[in-house]
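Chain identifiers are assigned alphabetically (A, B, ...) following the order of the sequence lines, protein sequences preceding nucleic acid strands; residue numbering begins at 1 within each chain.
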2 protein chains.
Amino acid sequence: MSEANEPVDGRRARGNKRRAEIIDATLAVVQRDGAAGVTHRTVAKQAGITTSLSTYYFATLDDLLVAALSTVADDYTKRIQDIVDGPGDKLRGLAELIVESGGSGRERALAERELATLAARRPALAAVARRWRENVAELAATLTGDRTAQAALVAASDGLCTAILIDNAPADLNYVYDVLDQAIRSSRGPRGRSA
Amino acid sequence: MSEANEPVDGRRARGNKRRAEIIDATLAVVQRDGAAGVTHRTVAKQAGITTSLSTYYFATLDDLLVAALSTVADDYTKRIQDIVDGPGDKLRGLAELIVESGGSGRERALAERELATLAARRPALAAVARRWRENVAELAATLTGDRTAQAALVAASDGLCTAILIDNAPADLNYVYDVLDQAIRSSRGPRGRSA
DNA sequence: GTACTACTTGTACTAGCGTTCAAGTAATGT
DNA sequence: ACATTACTTGAACGCTAGTACAAGTAGTAC
């Protein structure tokens with residue numbers, strides 16, 4: 001708990017605030033213009049600062065994108081954890097989270113997706129994107145012990161999100177819930193692959 | 001059949017060939033450098049032509065990307081149709097298609113994914129990306145009459161693809177097959193949501 | 001042949017990019 | 001007070017981008 005939490009220096013506190021502001025501005029730009037629209041200049045303008053200040057805090061654009069994706073991933077992790085630790089129907093909680101991607105959180109979800117796609121090509125981002133999926137996997141593990149069912153749920157969650165974003169679908173909660181439920185349920189009957 | 005298939009003019013035939021070459025070059029660039037790396041200049045260099053020629057055939061970069069995504073989607077459609085029409089285990093065929101995304105076809109799959117992500121922001125591309133998913137949905141319809149199970153299979157296919165690309169997973173065929181099977185199978189038992 | 005059309009090139013323009021840097025300001029420590 | 005450190009600025013560098021355009025080449029039609 002005594003790591004880097006207490007900014008003894010008042011200037012450092014302001015600096016951290018700036019950093020957060022810049023990351024917010026970055027996400028705003030991704031939401032508005034896509035990941036391709038992120039430049040030191042557009043971000044700086046969005047944040048109301050000078051370009052050089054943006055480079056002062058994030059020397060390279062990559063640093064900026066990594067920071068932005070990390071922040072988004074952290075938020076997502078928190079949401080998932082809330083569902084896992086919460087008292088309610090976890091599967092329904094997950095469904096609500098997914099449906100939200102098509103509603104008010106659409107732009108946000110789109111931004112997340114663009115950053116995640118970016119991750120496929122940048123090792124630095126890949127680690128963050130992976131942790132993302134592991135959060136859902138963890139939630140899945142609380143719902144079933146069957147590893148295949150867990151994997152199906154994770155995959156279905158991701159695929160549903162894509163469907164909602166691309167198809168611009170109505171994103172009916174019951175529908176999403178049913179699909180997730182379908183994915184995790186198993187007849188566990190006449191099948192049983194050996195190895 | 002008598003639409004725009006017969007190039008009376010030999011020059012026009014060459015032109016169409018050029019167009020195809022440029023699209024190929026575009027896909028090659030996306031595979032190598034990502035969608036962000038697509039510029040008239042990089043594409044032209046890849047195709048071994050001048051920059052102006054690239055703009056002659058595709059006035060704007062957007063035109064080029066739309067054309068590229070359309071081509072890729074057509075290829076994909078053909079692959080899916082082969083599985084649907086083929087004699088073998090359709091689910092296994094789908095699994096093989098997905099696993100291929102992690103193997104030799106990784107770069108290709110990555111390119112497809114980047115273009116599809118791009119689609120979320122460009123209406124012109126969105127239609128193409130949607131047709132894509134409908135192909136898998138069609139395949140799913142041949143495997144089960146249950147609409148929820150169909151949706152689960154489509155979502156799982158997509159999610160698995162993402163997992164393989166981002167996690168750089170081993171992409172074991174049996175594993176993928178099992179997850180797909182899990183998604184489409186249903187106990188159809190004690191559940192039965194009403195509305 | 002000549003006229004026409006489709007294709008192809010080289011060059012040049014403007015605009016925006018990432019990044020650097022010397023200089024300036026303000027908070028902190030002593 | 002003074003030195004130190006953290007933050008902030010404005011200007012500039014070299015580079016690449018999209019695009020336009022006049023000129024040239026080569027098939028096609030008459």
Whole-Å distance separating the [atom1] atom of [X] from the [atom2] atom of [N]:
| X | N | atom1 | atom2 | result |
| --- | --- | --- | --- | --- |
| B/L64 | D/dT19 | CG | C1' | 14 Å |
| A/H40 | C/dT20 | NE2 | C1' | 12 Å |
| B/R12 | D/dT28 | CZ | C1' | 11 Å |
| A/E21 | D/dT8 | CD | C1' | 13 Å |
| B/L61 | D/dA17 | CG | C1' | 9 Å |
| A/N16 | D/dC7 | CG | P | 8 Å |

Under 4.0 Å from any atom of DNA chain C, heavy atoms only: list the residues of residues 45-59 of chain B that qualify, in numerical order.
B/T50, B/S52, B/L53, B/Y56, B/Y57

Chi angles and distances behind the side-chain contact (heavy atoms from CB on, under 4.5 Å) call for B/L160, B/V99:
CA-CA 9 Å; B/L160 276 170; B/V99 167; over 6 Å; no

Neighbours of DNA chain D within residues 22-36 of chain A, by heavy-atom distance under 4.0 Å:
none

Taking the side chain from [X] and the backbone from [Y], do they hold a donor-acceptor pair closer than 3.5 Å?
| X | Y | result |
| --- | --- | --- |
| B/Q182 | A/A183 | yes |
| B/E21 | B/A47 | no |
| B/T162 | B/D158 | yes |
| A/H40 | A/L53 | no |

Do you see a donor-acceptor pair shorter than 3.5 Å between the side chains of A/D89 and A/Y177?
yes

For the residue pair A/T42 / A/T39, report whether a side-chain donor-acceptor contact shorter than 3.5 Å exists.
yes

Scanning both residues in full, the closest heavy-atom pair of B/Q31 with B/A111 reads CG-CB, 3.7 Å

What I'd like to find out is whether the side chain of A/R92 reaches to under 4.5 Å of the side chain of A/N174, using heavy atoms alone.
yes

With respect to the side chain of B/R14, which nucleotide from D/dC7, D/dT19, C/dC7 is positioned closest?
C/dC7

Does a side-chain N or O of B/R18 approach OP1 or OP2 of C/dT8 to a distance below 4.0 Å, or not?
yes

Select base, sugar-phosphate, or nothing to describe what A/R41 touches, counting heavy atoms under 4.0 Å on all strands.
base

